[in-house]
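In what follows, a structure is listed as structure tokens, so that the remarks can point back to it.
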Amino acid sequence: MSRLAGSVAFVTGAARGMGRSHCVRMAQEGADIIAVDLVQAAGDLAETADLVRNLGRRATTAIADVRDPAALEAAVSDGVAEFGRLDVIVANAGIYADLAPSWELSEAAWRRTLDINLTGVWHTVRAAVPHLSGGGSVVIVSSTNGLKGGANTAHYSASKHAVVGLARTLANELGERGIRVNTVHPGAVGTAMIRNAEVFAKLLPDIESPSEEDAVALFAAKNLLPVPWVDPVDVSNAVLFLASGESRYVTGTQMVVDAGLTQKVM
Ligand SMILES: NC(=O)c1ccc[n+]([C@@H]2O[C@H](COP(=O)([O-])OP(=O)(O)OC[C@H]3O[C@@H](n4cnc5c(N)ncnc54)[C@H](O)[C@@H]3O)[C@@H](O)[C@H]2O)c1
């Protein structure tokens with residue numbers, strides 16, 4: 001299979017979780033990868049690059065916080081210098097932290113989430129879009145929290161709704177250049193982002209030290225399909241479709257991968 005043969009993709013938050021999965025899935029289909037993540041994730045980022053190289057594709061890595069536009073610009077231009085082109089941008093890096101009711105959120109928590117999940121996405125596209133030549137695809141990873149609200153997530157939900165506006169605007173600006181821009185909206189995905197004690201405790205306040213088993217039951221009850229969460233590869237398959245020519249006339253859309261979470265009548 002080579003649905004992205006000859007393509008180069010730039011992925012943020014590439015060290016673990018879905019970012020790693022997007023890199024591997026696109027490399028399986030022939031893409032070379034420019035991968036960035038935080039300094040504390042350097043070891044995992046190197047492992048992502050190894051996974052890509054083990055598939056016979058090329059990878060560059062760089063340490064770049066999406067809050068740092070200069071670092072992003074250096075990472076993407078170094079990668080493009082090495083591979084000679086850029087075709088796909090996947091703005092994936094994000095955080096889901098400091099969950100609290102809207103009126104109890106600290107100023108710092110609000111700003112950190114907006115800085116990474118919204119301004120970081122804008123930095124990512126601003127750094128990389130000028131390198132797209134001859135069309136291309138921008139995929140922004142939002143969330144079902146970018147389509148509906150949820151308790152304790154004002155900062156996260158606001159940021160994930162906001163990137164939809166950014167994507168729709170970019171789709172208008174870039175359409176005439178043959179560049180498509182879409183958002184992907186995962187429901188719960190079984191990564192470290194949600195499978196951790198802080199999230200379990202926030203979601204299950206009536207249970208002392210809730211276990212993963214407790215959380216599985218809660219997450220499963222939110223979905224139409226009988227699973228607690230989707231796997232990273234399920235989201236990567238949507239990213240791959242939007243990155244590839246199979247979606248050549250798809251732009252300005254929101255693709256939901258959520259096991260039915262947004263449609264469930266509770
Ligand atoms: N896991 C879920 O249930 C879920 C659901 C919907 C949407 N999402 C979104 O999917 C994306 C990936 O989530 P994940 O579950 O793989 O999370 P994860 O925590 O497993 O991975 C996130 C990656 O982003 C990196 N990152 C964090 N802050 C960064 C920054 N400032 N600059 C650069 N890199 C940074 C982390 O180091 C990490 O490697 C995020 O945007 C998240 O909001 C996740």
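First listed ligand is number 1; within each ligand, the first listed atom is number 1. Excluded from the calculations below are hydrogen atoms, water molecules and symmetry mates; all remaining heavy atoms, backbone and side chain alike, are included.
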Tested for side-chain contact (heavy atoms from CB on, under 4.5 Å) against Asp98, the lone hit among Glu104, Lys202, His155 is His155
Scan for ring-ring contact (aromatic ring centres under 6.0 Å, His included) pairs involving residues 173-215, sequence neighbours excluded, and state none if there are none.
none
For atom 30 (C) of ligand 1, what's the nearest protein heavy atom and its distance?
Leu38 CD2, 3.5 Å
For Arg16, the ligand 1 atoms with a heavy-atom partner under 4.0 Å come out as 18 (P), 19 (O), 20 (O), 21 (O), 38 (C), 39 (O)
Distance-only polar pair, side chains of Arg180 and Ser247, donor-acceptor under 3.5 Å:
yes
Answer with side chain, backbone, both or neither: which part of Asn92 has a heavy atom less than 4.0 angstrom from an atom of ligand 1?
both
Against ligand 1, does Ser21 come closer than 4.0 Å with any heavy atom?
no
Go through the steps for Asp44 and Arg16 under the test salt bridge (charged side-chain N to carboxylate O under 4.0 Å, His left out), then give the verdict.
CA-CA 6 Å; Asp44 285 342; Arg16 70 175 200 186; 5.9 Å; no
Is it the case that more than 12 heavy atoms not belonging to Arg126 sit under 6.0 Å from its CZ atom?
yes
For residues 33-43, which side-chain donor-acceptor pairs fall under 3.5 Å, sequence neighbours excluded?
{"residue": "Asp37", "atom": "OD2", "partner": "Ala14", "partner atom": "N", "Å": "3.2"}
{"residue": "Asp37", "atom": "OD2", "partner": "Ala15", "partner atom": "N", "Å": "2.9"}

For Tyr156, the ligand 1 atoms with a heavy-atom partner under 4.0 Å come out as 6 (C), 7 (C), 8 (N), 9 (C), 42 (C), 43 (O)
Give a yes-or-no answer on whether the side chains of Thr169 and Asn172 include a donor-acceptor pair shorter than 3.5 Å.
no
Tell me, please: is Ala64 in heavy-atom contact with ligand 1, that is, under 4.0 Å?
yes
List every atom of ligand 1 that sits less than 4.0 Å from any heavy atom of Ala15, numbering the atoms from 1 in the order shown and giving each element.
39 (O)
Rounded to the nearest 0.5 Å, the CG atom of Leu132 sits from the CZ atom of Arg177 at a distance of 7.0 Å
Could you check atom 38 (C) of ligand 1 against the protein and tell me its nearest heavy-atom contact, residue, atom and distance included?
Asp37 OD2, 3.6 Å
Over 12 foreign heavy atoms within 6.0 Å of CD, Glu246
yes
Under a single-linkage definition using a 4.5 Å side-chain heavy-atom cutoff for Ile, Leu, Val, Met, Phe, Trp and Tyr, are Trp229 and Leu203 assigned to the same hydrophobic cluster?
yes
Heavy atoms from other residues, nucleotides or ligands near CZ of Arg53 exceed 12 (cutoff 6.0 Å)
yes
Should the proximity of Ser142 to ligand 1, defined as any heavy atom under 4.0 Å, be assigned to the side chain, the backbone, both, or neither?
backbone
Which residue and heavy atom of the protein sit nearest atom 16 (O) of ligand 1, plus the separation
Met18 N, 2.8 Å
With a cutoff of 4.0 Å, is Lys160 in contact with ligand 1, counting heavy atoms of the residue only?
yes
Using a strict cut-off of 4.0 Å, indicate which atoms of ligand 1 neighbour a heavy atom of Gly17.
16 (O), 20 (O)
Regarding Asp258 and Thr144, is there a side-chain donor-to-acceptor distance under 3.5 Å anywhere?
no
Let me confirm one number: the OG1-NE2 distance from Thr48 to His22, rounded to the nearest 0.5 Å.
11.5 Å
For atom 1 (N) of ligand 1, closest protein heavy-atom neighbour
Thr191 OG1, 3.1 Å
At what distance is the nearest protein heavy atom to atom 32 (N) of ligand 1, and which residue and atom is it?
Val66 N, 3.0 Å
Provide, to 0.1 Å, the distance between atom 23 (C) of ligand 1 and the closest protein heavy atom, together with that atom's residue and name.
Gly13 O, 3.7 Å
Identify the protein heavy atom lying closest to atom 17 (O) of ligand 1, giving its residue, its atom name and the separation to 0.1 Å.
Met193 CE, 3.3 Å
Is the closest heavy-atom distance from Asp65 to ligand 1 below 4.0 Å?
yes
Determine whether any heavy atom of Gly190 lies closer than 4.0 Å to an atom of ligand 1.
no
Identity and separation of the nearest protein heavy atom to atom 5 (C) of ligand 1:
Gly187 O, 2.9 Å
Check the side chains of Thr183 and Ser142 for a donor-acceptor pair under 3.5 angstrom, ignoring hydrogens and angles.
no
Using a strict cut-off of 4.0 Å, indicate which atoms of ligand 1 neighbour a heavy atom of Val141.
9 (C), 10 (O), 11 (C)
Taking only non-hydrogen atoms of Ala188, do any sit less than 4.0 angstrom from ligand 1?
yes
Val189, portion touching ligand 1 at heavy-atom distance under 4.0 Å
both
Considering distance alone, does some N or O of Ile194 sit under 3.5 Å from an N or O of ligand 1?
no
May I ask which of Gly19, Gly146, Gly94, Ala42 has a heavy atom nearer to atom 27 (C) of ligand 1 than the others do?
Gly94
